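Below is one structure, written out as structure tokens, with a few remarks after it.
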Amino acid sequence: MIKTKAVIILVLLIIAMVVQKNAARGTDMGTCHFRNQSNKVLTVNDKAYKNEDSFRFVIEGQDVAEVEPIISNDQLVDLRRQLISADTLYQEVLGLTSPLDKPRYQKAGYIRVIMATIKGNGLAYDEVMADKALGSADCGINIKLSATLKASNSTPAHELFHLYQNSYFMFKNGWLTEGTARWSESLIDKGMGRKISSSLPQSRDELVETMDMSYAASAMWTRLFQLVDDRKVFDMPTTVRNAYYIDGDSVIDDNKAYGISFIKVLFEALEEQSKQAANDRGWDVYNWKESDQKSADNNVYVWRAVQHAVNKAVPKAQQSEELKRFVSISLSSS
């Protein structure tokens, strides 16, 4: 009898632990990681956006002496204006929620823009970080930009789009993240995108070939957005329409882009599949290894999200034959 009670108690404890683990997995809201490296905060004197504090420019402590002489206030003003305009477009035109308001980044208070000497133009990071000496009051999410970057380059908007991606889903497969981030540049630059595929993948082999791409996959995404939402133009918020760089050029070149109404549908489907993938694998919702975030195994979930989003945005009866064949592709090799 005593032995039976002990077994029952053990079983109940195991059940309680599983329930507790699943509950924690469902409510995991991320962590603010502390680092020993400090930053020098850069003051940006910009009368046009003097009250905008979402983007704070800094130089990493070890690079201050090297980087500071390269940077001008005019440069920072222009970079900041592009970020503010892009942020407005992502929220007011695409309908996305700010990364700072998403569960994963609830511990972040601002977006830290790190100016540094780096290879390439920019990088985006996915963890909430803070200067250990400053504590939790310094928690933010990070973008790193080249110290020589000029605002005529759309890299700031591109890297900011990565933060939006990171706040919705954990997948970092290049064809998805870099492909759609390059598409996002069409919101800033003139025209509908750098390149548009003549046709969507129409077979499994063609789809797998696209999934092996990175930036070049933007041509496929732009074609998909064209078929799903071909309105071509979007209503530009007044604040963005009136945004100019110091030299007088408009921050946003035009109001033309495909897929404006579809991105939110796609991101929400990806968010759902990201949570599903974590649940299937027994992982925390927002705590995946970097290698797992980039794993090709994610493509099954990403593809499922694309299929759901397309069918939600365009009823099957209204889909073109090209779109129907695309959505009907199965990743199964059998």
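The structure displayed is predicted, hence computed values, not measured ones.
Listed by first and then second residue, the disulfide bond (SG atoms under 2.5 Å apart) pairs involving residues 207-276 amount to none (not counting sequence neighbours). Among pairs with a residue in residues 265-278, those fulfilling salt bridge (Lys or Arg N to Asp or Glu O under 4.0 Å) read Lys102-Glu271, at least two apart in sequence or across chains. Pairs engaging residues 134-174 under the disulfide bond (SG atoms under 2.5 Å apart) rule: Cys32-Cys139 [sequence neighbours left out].
Taking both residues in full, the closest heavy atoms of Phe169 and Arg104 are given as O-NH1, 4.4 Å, listed atom of the first, atom of the second, then distance. Taking both residues in full, the closest heavy atoms of Thr180 and Gln165 are given as OG1-NE2, 2.8 Å, listed atom of the first, atom of the second, then distance. The heavy-atom pair separating Thr210 from Met220 by the smallest distance is CG2-CE, 3.9 Å.
Of the listed residues (Lys289, Lys294, Lys172), just one forms a salt bridge (Lys or Arg N to Asp or Glu O under 4.0 Å) with Asp126, and that residue is Lys172. With Leu187 as the fixed residue, the side-chain contact (heavy atoms from CB on, under 4.5 Å) test singles out one of Asp254, Ile252, Asp253, Leu94: Leu94.
Under the 4.0 Å criterion applied to side-chain N and carboxylate O atoms, Lys150 and Asp78 are not assigned as salt-bridge partners. Look at Asp297 and Arg281 and you find no salt bridge, because none of the NZ, NE, NH1 or NH2 atoms lies under 4.0 Å from a carboxylate O.
Heavy-atom contacts from other residues, nucleotides or ligands closer than 6.0 Å to NZ of Lys195 number 12 or fewer.
No side-chain heavy atom of Thr31 sits under 4.5 Å from any side-chain heavy atom of Tyr286. Using a 4.5 Å heavy-atom cutoff, the side chains of Trp183 and Ile196 are not in contact. Between Pro99 and Tyr164 there is a side-chain heavy-atom pair separated by less than 4.5 Å. Inter-residue side-chain proximity for Thr148 and Ile70 is flagged as met; some heavy-atom pair is nearer than 4.5 Å. With a 4.5 Å cut-off on side-chain heavy atoms, Asp249 and Tyr244 do not count as touching. Looking at heavy atoms from C-beta onward, Tyr105 lies in side-chain contact with Val128 at the 4.5 angstrom threshold. Proximity of Lys256 to Lys232: side-chain heavy atoms (C-beta onward) are nowhere separated by under 4.5 Å.
Side-chain N or O atoms of Thr222 include one that pairs as donor or acceptor with a backbone N or O of Ser218 at under 3.5 Å. Tyr215 contributes no side-chain N or O that, together with a main-chain N or O of Ala181, makes up a donor-acceptor pair within less than 3.5 Å. A distance-only check finds no donor-acceptor pair linking the side chain of Gln273 to the backbone of Ala305 [under 3.5 Å]. Formation of a donor-acceptor pair under 3.5 Å by the Asp131 side chain with backbone atoms of Ala133 is found in this model.
Ring pair His162/His158 is perpendicular by interplanar angle, where above 60° counts as perpendicular and below 30° as parallel. Using a 30° and 60° split on the angle between ring planes, Tyr301 and Phe171 fall in the parallel class, below 30°. Using bins of under 30°, 30° to 60° and over 60° for the plane-to-plane angle, the ring pair Trp288/Trp283 lands in the perpendicular bin.
No side-chain N or O of Ser72 forms a donor-acceptor pair with one of Asp74 less than 3.5 Å apart. Residues Asp280 and Gln276 bring a donor and an acceptor atom of their side chains to less than 3.5 Å of each other. For the residue pair Gln319/Asn311, the side-chain donor-acceptor check at 3.5 Å is satisfied.
Contacts of Glu209 classified as salt bridge (Lys or Arg N to Asp or Glu O under 4.0 Å), with partners at least two apart in sequence or in another chain: none. With sequence neighbours left out, the ring pair (Phe, Tyr, Trp, His ring centres under 6.0 Å) criterion links Trp303 to Phe326. Remark: Tyr245 engages no residue in a ring pair (Phe, Tyr, Trp, His ring centres under 6.0 Å) (not counting sequence neighbours). Scored by the salt bridge (Lys or Arg N to Asp or Glu O under 4.0 Å) test, Glu60 finds Arg35, Lys144 as partners (sequence neighbours excluded). A search for side-chain hydrogen bond (donor to acceptor under 3.5 Å, both in side chains) contacts involving Asp189 returns Ser154, not counting sequence neighbours. Annotation: salt bridge (Lys or Arg N to Asp or Glu O under 4.0 Å) contacts of Asp235 (sequence neighbours excluded): none. The salt bridge (Lys or Arg N to Asp or Glu O under 4.0 Å) test applied to Arg112 returns Asp138, not counting sequence neighbours.
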Identify all side-chain donor-acceptor contacts of residues 257-264 below 3.5 Å with residues at least two apart in sequence or on another chain.
from	atom 1	to	atom 2	distance (Å)
Tyr258	OH	Gln226	NE2	3.1
Ser261	OG	Asp229	OD2	3.0

Only pairs under 3.5 Å count here: list side-chain donor-acceptor contacts from residues 236-243, not counting sequence neighbours, and write none if there are none.
from	atom 1	to	atom 2	distance (Å)
Arg241	NH2	Met236	O	2.8
Asn242	ND2	Thr238	O	3.3

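In the hydrophobic clustering of ILVMFWY residues, with side-chain heavy atoms under 4.5 Å counting as a link, Tyr49 and Leu145 come out together. Both Phe161 and Leu100 are members of a single hydrophobic cluster when ILVMFWY side chains are connected at heavy-atom separations under 4.5 Å.
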